[in-house]
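Below: the structure, in structure tokens.
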There are 2 protein chains.
Amino acid sequence: MTKSSCYDATVMSPAPPRSGLREVTRRAVQAEIANTAMTLFVEQGYEETTIEQVAAAVGMSGRSVFRYFATKEDMVVGSMAQVGHDIAAALRTRPAEEPAWEALRRALDEPLRALNDDGGIALARSTLLTTTPALRAAQRQKHAQWNELLVPGITPRLEGSAASRQLQAEAIVAAALACLDVAVDEWTRSGGEKPLDELLDAAIAAVRG
Amino acid sequence: MTKSSCYDATVMSPAPPRSGLREVTRRAVQAEIANTAMTLFVEQGYEETTIEQVAAAVGMSGRSVFRYFATKEDMVVGSMAQVGHDIAAALRTRPAEEPAWEALRRALDEPLRALNDDGGIALARSTLLTTTPALRAAQRQKHAQWNELLVPGITPRLEGSAASRQLQAEAIVAAALACLDVAVDEWTRSGGEKPLDELLDAAIAAVRG
DNA sequence: GCCTCGGTTGTCAGTCACTGACAAGCTCGT
DNA sequence: ACGAGCTTGTCAGTGACTGACAACCGAGGC
């Protein structure tokens, strides 16, 4: 009965289109909460950290924290919604005649590089993600949303009836994101040593072999 | 801080190897709780149904319900753990030289048929699953466990170094299960009309095309 | 300078999933 | 019949999350 949250989160401001300055400060506060939370989570564990502790660390009431994040999990995975939109945007810039897999793979280049580059933080977050069941679940849910975001960019690259292309696109996107998950997991296990792009390419090659 | 649950669930009896009859009655009670819960969930919705209501309907205390199911979600998705083991077992019976994808696809034949056959209940459950975010998350977690169960049956069918085969196997299994998800989703949306096996084959063909 | 208005905040009270502890009851083997 | 082992209900508690309300704070109109 709790946490219906009805909308997504993180940018959980669909109703009031915040007016300029308000929005900026809101983002800032949101970012500070997220950072503080991440620090605490890494220090003492996700489950062992209460909302009250995070709130105290940022200097606000627990109630107010929930005015910035719909759920505790969103403090960690909230930003993934944005990444999903970025990938979808990148996909839209790919040439129309590019094959589905190729376009998808290229659309992942940018976020992949982002992960690989700021090694430290991304790796810490990824480790936290993979070691906390509740967070893994939340992460998977975000990925499912990526699916819906990416499918429209794939259907026009396929052949067959509309219904058939829909199913094909869903399958391809789901499989590609599954490969991404596998690659990121391996990357995380390797402590960020192995190059992410090669892992992803290997995963895709295995699937399509 | 809640629901660590440490072990899986449903068959959440790893410590005490229950002695014969005890185990039977336990399974029976478990099944009755699950059935009663499913009825209530379908009738009035998952989120809108409290544990207390389920407990009252079965005639026991809320506390005791949690002695049979680690979490509320497990009342719905608990049985999926068994299915995962079944698939893994089926995979082990496939000839060793059968290619990875083929063996995997064949190992899914049995559970697929089970879904398609008892149309009513499975479809109702599947519909509840797809319309309740919390349950979808739980379902995805179970699927992730299937991954780990199936990978060992795939690695020997691949080529390359041990590490390479591990990554390949993880990717293939994850992609195949992603295809399964897509197929089951479409099957659910079609009200059980479209044949599941054909949907799965179409999904796999799209991915590997 | 004051006042009002939209938005933000803290406080309080409540729901619900989930857990530990304990005492009482039931079942089984001997 | 009796004790060991399981199971059960009860009670008390934690923690995520929500609704309601009153107080506050900054920007615009007068």
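For clarity, every value in this text was computed on a predicted model and none was experimentally measured. Chain A is the first sequence line, chain B the second, and so forth, proteins listed ahead of strands; every chain is numbered from 1.
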To check you understand the geometry: which heavy-atom pair defines the closest contact between A/L40 and A/V54, and what is its length?
CD1-CA, 3.8 Å
Between P on D/dT14 and CD on A/Q53, what's the gap in Å once rounded to a whole number?
14 Å
Do any N or O atoms of the protein come closer than 3.5 Å to N or O atoms of nucleotides 8-10 of chain D, and which pairs are they?
from  : atom 1 : to    : atom 2 : distance (Å)
D/dT8 : OP1    : B/Y68 : OH     : 3.0
D/dT8 : OP2    : B/Y68 : OH     : 3.4
D/dG9 : OP1    : B/S61 : N      : 3.3
D/dG9 : OP2    : B/S61 : N      : 3.2
D/dG9 : OP2    : B/S61 : OG     : 2.9
D/dG9 : OP2    : B/S64 : OG     : 2.4
D/dG9 : N7     : B/R67 : NH1    : 3.0
D/dG9 : O6     : B/R67 : NH2    : 2.5

What's the NZ-C1' distance between B/K72 and D/dC17, to the nearest Å?
14 Å
Quick one, A/T130 and A/V184 - any side-chain contact, counting heavy atoms below 4.5 Å?
no
Expressed in angstrom and rounded to an integer, what is the separation of A/Q30 atom CD from C/dT8 atom P?
12 Å
What verdict does the salt bridge (Lys or Arg N to Asp or Glu O under 4.0 Å) test give for A/R140 and A/D181, after you've listed the backbone C-alpha separation in whole Å, the side-chain angles of each residue and the deciding distance to 0.1 Å?
CA-CA 9 Å; A/R140 278 191 272 267; A/D181 274 351; over 6 Å; no
Spacing of A/I51 atom CD1 relative to D/dG15 atom P, expressed in whole Å:
11 Å
B/Q44 atom CD is separated from C/dC16 atom P, nearest whole Å, by 11 Å
Give the intermediate values and the outcome of salt bridge (Lys or Arg N to Asp or Glu O under 4.0 Å) for residues B/E32 and B/R26.
CA-CA 10 Å; B/E32 185 179 341; B/R26 179 179 180 79; over 6 Å; no
For A/L158 and A/R165, the nearest pair of non-hydrogen atoms, with its separation, is O-CD, 3.3 Å
Please report the distance, rounded to the nearest Å, between CG in B/D74 and C1' in C/dC18.
13 Å
Ring-face cation of A/K72 near A/Y46 (centre distance under 6.0 Å, axis angle within 45°):
yes
Taken to the nearest whole Å, CD/A/E48 to P/D/dT14 is 16 Å
Between D/dG15 atom C1' and A/F41 atom CZ, what is the distance in whole Å?
13 Å
